[in-house]
Amino acid sequence: MKIYDTLSGEKKEFVPVHEGRVGIYVCGPTTYDYAHIGHARPAILFDVFRRFLEYLGYDVILISNITDVDDKIINKANELGKDPIEMAHYYAREYLKDMDALRVRRANIIPKATRHIEEIINLIKILVDKGYAYESGGDVYFSVKKFKDYGKLSHRKIEEMLAGARVEVNEKKRDPLDFALWKASKPGEPSWQSPWGPGRPGWHIECSAMSMNYLGPTLDIHGGGADLIFPHHENEIAQSEAATGKPFAKYWMHVGLVRFEKEKMSKSIGNVFLIKDFLKKYPPEVLRLMYLNSHYRKPYDFSEKNIEDSLPLLEKIWSTYQILKDSAMQEEPSKDIAMKIEDAREKIIAALEDDFNTREAMKEYLSFINFARELKGGDALAALNFLKEMDEIFDLLPRGENEGKEKELIELLLNVRNEERKRKNYEIADYIRDELEKIGIKIEDTKEGTKWYKI
RNA sequence: GGGCAGGUGGCAGAGAGGUUAUGCGCGGGACUGCAGAUCCCGUUUACUCGGGUUCGAAUCCCGACCUGCCCUCCA
């Protein structure tokens, strides 16, 4: 297993801190609005990475936080006249709902910043005691120049950063590069008691405190969107390593950003595509497929055309699954098929072991799909079982079985349609086909009769 | 100015020294009441440019040009 590490800039052999166990921390969102398709990329990908590590036999602990106190939350709540924490929790629930719909398996722990104030304060205390942080007018700042490795993750030097000149002006800071660990609260803002007076955590400290709380001073994999490399993750490293003197994470993984119609998705451009809006028009699996079908470190150019191009692929997977279910029989598969399956399995595993190359894995998966749709009997059964095995990782197959009253009703309709076809009443037959498609049931007339599947 | 990705066929996008990517589109054929799906064939020398390494480069090295993202709001 090899993993590309942002810090060293190279693919490294994966060796977890504790044999057989993997601790992963993925930075989740600050919840002050509905989640967009950009948020879904790291969520879906780390979900698949985690499932793959489990498939390999590792014990995986995945932690994915929600930041529920922050300037952006407070500003928006003030605008709307709402309670900031309540509003943040509303959006957090909506975020989890969206992720559930996208078949992202929930992390083992989904910690919230406001539930870890004590850990945060303790960490800041350590930093103050060690001389890495100082109090100033009720705020506490991290002294960037005291941490000699600052810039090692984003590969920049402190002198170069100042040239960027977008540094916030703040007379409480001793140095413009310093960043807030704790902010004194203004009246009416959420606040907690601390040795420095009432206040709230700065942006970066919650991830350091929570990840070390659950996974110890050195975790295996720390991940998130590429936009978090600087300053968020750089600051996490500074805080955490200054406090513990130990490396904070063994592997830093960053998922490329999603662009929409060739432009960065941002509220000011007005091209934000919300997950809940996406789900009104398309099945959730198509988004999984789109992200799996691209390289995770590269930027993803999202567009309507891209979705339209991916839908036929998903339909192919689903129709193949349905066809195999119909033709599978409880028999021994042939030697050829057993070998073919073993070959596909090896190729998919090899691709994923090479820095989670899901694109390469999907290529093998799709070529197997293409090959498998003709299979019958025991061969079809073996192929079906293989697809289910792979679905533990990818989670793309149609959900729910076609059975029960719904199945009976649809098959009744199809029988009626086929009767009408025999009588050459094609208007009625085509009406049934069109109306079924409108409610998401696709049908195909084949030599072996009419097949149907949900889309 | 600095950091990081890239520049691939009509389009979208993988691949990372020698063998068909794939999908969409387009043209032809098979099947079909039609549609869709599926299968077959075609879309004849795809890899920004210039040098270099090599028996062999889209892939490695050097240099240009171009694009995107980041440089204290970000997944």
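Chain identifiers are assigned alphabetically (A, B, ...) following the order of the sequence lines, protein sequences preceding nucleic acid strands; residue numbering begins at 1 within each chain.
Looking at heavy-atom distances under 4.0 Å, A:Phe368 makes no contact with the nucleic acid at all. Backbone-only engagement by A:Lys72 is indicated by non-hydrogen atom pairs under 4.0 Å involving sugar-phosphate atoms exclusively. Residue A:Val26 is classed as having no contact, given no heavy-atom separation below 4.0 Å to the nucleic acid. Within 4.0 Å of A:Gly151, counting heavy atoms only, lies no atom of the nucleic acid at all. Here A:Ser319 lies out of heavy-atom contact (under 4.0 Å) with every strand. Within 4.0 Å of A:Pro42, counting heavy atoms only, lies at least one base atom of the nucleic acid. Counting non-hydrogen atoms under 4.0 angstrom, A:Asp71 reaches nothing in the nucleic acid. Among the atoms of the strands shown, base atoms are found under 4.0 Å from some heavy atom of A:Gly38. As judged by a 4.0 angstrom heavy-atom cut-off over every strand, A:Glu308 is placed among residues making no nucleic acid contact. At the heavy-atom level, A:Asn418 lies nowhere under 4.0 Å from the strands shown.
Spacing of C1' atoms, B:A16 relative to B:G10, comes out at 26 Å, to the nearest Å. Between B:G7 and B:A30, the distance separating the two C1' atoms is 41 Å to the nearest Å. B:G18 and B:C65: their C1' atoms are spaced 30 Å apart (whole Å). Between B:C69 and B:C73, the distance separating the two C1' atoms is 15 Å to the nearest Å. Taking the P atoms as reference points, B:A35 lies 37 Å from B:U8, given to the whole Å. Here, B:U67 and B:G29 have their P atoms 45 Å apart, quoted to the whole Å. Distance check on atom P: B:G25 versus B:G36 gives 10 Å, rounded to whole Å. Comparing B:G13 with B:U32, their C1' atoms sit 33 Å apart, to the nearest whole Å.
Taking atom CG of residue A:Leu96 and atom P of nucleotide B:A75, one finds them 14 Å apart after rounding to whole Å. Between the CG atom of A:Leu7 and the C1' atom of B:C4 there is a distance of 14 Å, rounded to whole Å. Per the geometry, CZ belonging to A:Arg156 stands 13 Å off P belonging to B:G2, to the nearest Å. Residue A:Tyr426 contributes atom OH, which lies 16 Å from atom P of B:G36 at whole-angstrom precision. The distance between atom CG of A:Asp139 and atom C1' of B:U72, rounded to the nearest whole Å, is 15 Å. Following rounding to the nearest Å, A:Tyr300 (OH) and B:U67 (C1') show an atom-to-atom distance of 19 Å. Between A:Asp47 atom CG and B:A75 atom P the separation is 19 Å, expressed in whole Å. Following rounding to the nearest Å, A:Arg259 (CZ) and B:G68 (C1') show an atom-to-atom distance of 5 Å.
Applying the 4.0 Å criterion to OP1 and OP2 of B:G15, one finds that A:Asn357 has a side-chain N or O inside that range. Phosphate proximity of B:A35 to A:Tyr431: absent, as no side-chain N or O sits under 4.0 Å from OP1 or OP2. For B:C71, the OP1/OP2 oxygens have no side-chain nitrogen or oxygen of A:His155 closer than 4.0 Å. OP1 and OP2 of B:C24 both lie 4.0 Å or more from every side-chain N or O belonging to A:Asn306.
Taking only side-chain atoms of A:Asp445, from C-beta outward, the nucleotide of B:A75, B:G13, B:G33 with the closest atom is B:G33. The side chain of A:Lys298 lies closest to B:A14, out of B:A75, B:A14, B:G33. The side chain of A:Glu374 lies closest to B:U38 when the candidates are B:U38, B:G6, B:A75. Considering only the side chain of A:Asp227, B:C74 comes nearest among B:C74, B:G15, B:A5. Checked against B:A5, B:C74, B:A37, the side chain of A:Arg373 finds its nearest nucleotide in B:A37.
Considering A:Phe368, A:Tyr365, A:Tyr321 in turn, A:Phe368 is the only one that fulfils the ring-ring contact (aromatic ring centres under 6.0 Å, His included) rule with A:Phe386. Of the candidates A:Arg106, A:Arg105, A:Arg288, A:Arg288 is the only one forming a side chain to side chain donor-acceptor pair (under 3.5 Å) with A:Asp47. Here the options are A:Ile432, A:Asp430, A:Asn425, the test is side-chain contact (heavy atoms from CB on, under 4.5 Å), and the partner is A:Glu420; only A:Asn425 passes. Of the residues A:His233, A:His222, A:Arg297, the one that meets the side chain to side chain donor-acceptor pair (under 3.5 Å) test with A:His254 is A:His233.
Nucleotide B:G25 forms a pair with B:U43, judged by Watson-Crick or G-U wobble geometry with both contacts under 3.5 Å. As the counterpart of B:A64, B:U48 is assigned, both hydrogen-bonding distances of the Watson-Crick or G-U wobble pattern falling under 3.5 Å. B:C69 and B:G3 make up a base pair, with Watson-Crick or G-U wobble contacts both under 3.5 Å. Base-pair partner of B:U19: not found among the strands shown (Watson-Crick or G-U wobble, both distances under 3.5 Å). Using Watson-Crick or G-U wobble geometry with both donor-acceptor distances under 3.5 Å, B:A30 finds its partner in B:U38.
A salt bridge links A:Arg417 to A:Asp445: at least one charged side-chain nitrogen sits closer than 4.0 Å to a carboxylate oxygen. By the 4.0 Å N-to-carboxylate-O rule, A:Arg103 lies close enough to A:Asp395 to be salt-bridged with it.
Note: A:Trp196 and A:Trp182 have tilted aromatic rings, judged against thresholds of 30 and 60 degrees for the angle between ring planes. Relative ring orientation between A:Phe302 and A:Phe260 is described as tilted, the plane-to-plane angle lying within the 30° to 60° band.
One donor-acceptor pair, N or O on each side, does fall under 3.5 Å between the base of B:A21 and the side chain of A:Arg359. Not a single donor-acceptor pair, N or O on each side, falls under 3.5 Å between the base of B:C11 and the side chain of A:Asp309. Below the 3.5 angstrom threshold, one finds a donor paired with an acceptor across the side chain of A:Arg433 and the base of B:A35.
Using a 4.5 Å cut-off on side-chain heavy atoms (C-beta onward), A:Val255 and A:Tyr291 make no contact.
Between A:Val258 and A:Ser294, the residue anchored closer to the 5' end of RNA chain B is A:Ser294, taking for each the nucleotide with the nearest heavy atom.
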